[in-house]
Amino acid sequence: MNEWVSSMSVAVPTRSRFRWFLVSFVTLGIVSSAALWTVGITAIQIHLVAMFLALLVTSELFPPVADERWWRWLLLIKLVGWLVTLYVLFERVSSVTQ
C-alpha cells in the first residue's frame, strides 16, 4: 500500500490521506466552533451542524483511493450526521410555526 496518488497536483501516499483528513477535520471543526462562539451562537445543535459540515468538506477533500475500512465507517458517521441535521432542522422549523 505504498502507492502514490495524485491529489490536486500533490503526490500523497495512501496512508497519510487519513492523517490529512483527521487534522483538517479537527482544525476546521475547532475554528468553526470558535467562530460561532465568538459571534454569540452557543446552541449545541448549531455546533453539531457546523461539525457535520466540517466533516462533509474534509471528506470530499481527502477521499481514499481504495476502499479502506476508515472510509466505510466515515460513510456510516455521515449518515448519522444527516439524521441529526434533519432532526435539528425539524426542531427549528417546528418551534417557529408554533
Name the atoms and distances for all side-chain donor-acceptor pairs under 3.5 Å in residues 29-40, with sequence neighbours left out.
from	atom 1	to	atom 2	distance (Å)
S32	OG	L28	O	3.1
S32	OG	G29	O	3.0
S33	OG	G29	O	3.2
T38	OG1	A34	O	2.7

If hydrophobic clusters are built from ILVMFWY residues whose side chains come within less than 4.5 Å, do [X] and [Y] share one?
{"X": "L75", "Y": "V57", "value": "yes"}
{"X": "W20", "Y": "L61", "value": "yes"}
{"X": "L74", "Y": "F18", "value": "yes"}

Please find the pair of heavy atoms, one from [X] and one from [Y], that lie closest to each other, and give the distance.
{"X": "W71", "Y": "F62", "answer": "CZ3-O, 4.4 Å"}
{"X": "E60", "Y": "P63", "answer": "O-CD, 3.4 Å"}
{"X": "L56", "Y": "K78", "answer": "CD2-CD, 4.1 Å"}

For F52, give me all partners under ring-ring contact (aromatic ring centres under 6.0 Å, His included), at least two apart in sequence or on another chain. W82
Is it true that F21 and W70 have ring centroids separated by less than 6.0 Å? yes
Kindly write out the residues that satisfy side chain to side chain contact (heavy atoms under 4.5 Å, CB included) with I77, not counting sequence neighbours, or none if the list is empty. L55
Give, for atom CZ of R19 and atom OG of S24, the distance between the pair rounded to the nearest 0.5 Å. 13.0 Å
For T58, give me all partners under side chain to side chain donor-acceptor pair (under 3.5 Å), at least two apart in sequence or on another chain. none
Co-members of W73 in a cluster of I, L, V, M, F, W and Y side chains, linked at under 4.5 Å: L76
In residues 86-95, what donor-acceptor pairs under 3.5 Å come from side-chain atoms, sequence neighbours left out?
from	atom 1	to	atom 2	distance (Å)
S94	OG	F90	O	3.0
S94	OG	E91	O	3.1
S95	OG	E91	O	3.4
S95	OG	R92	O	2.9

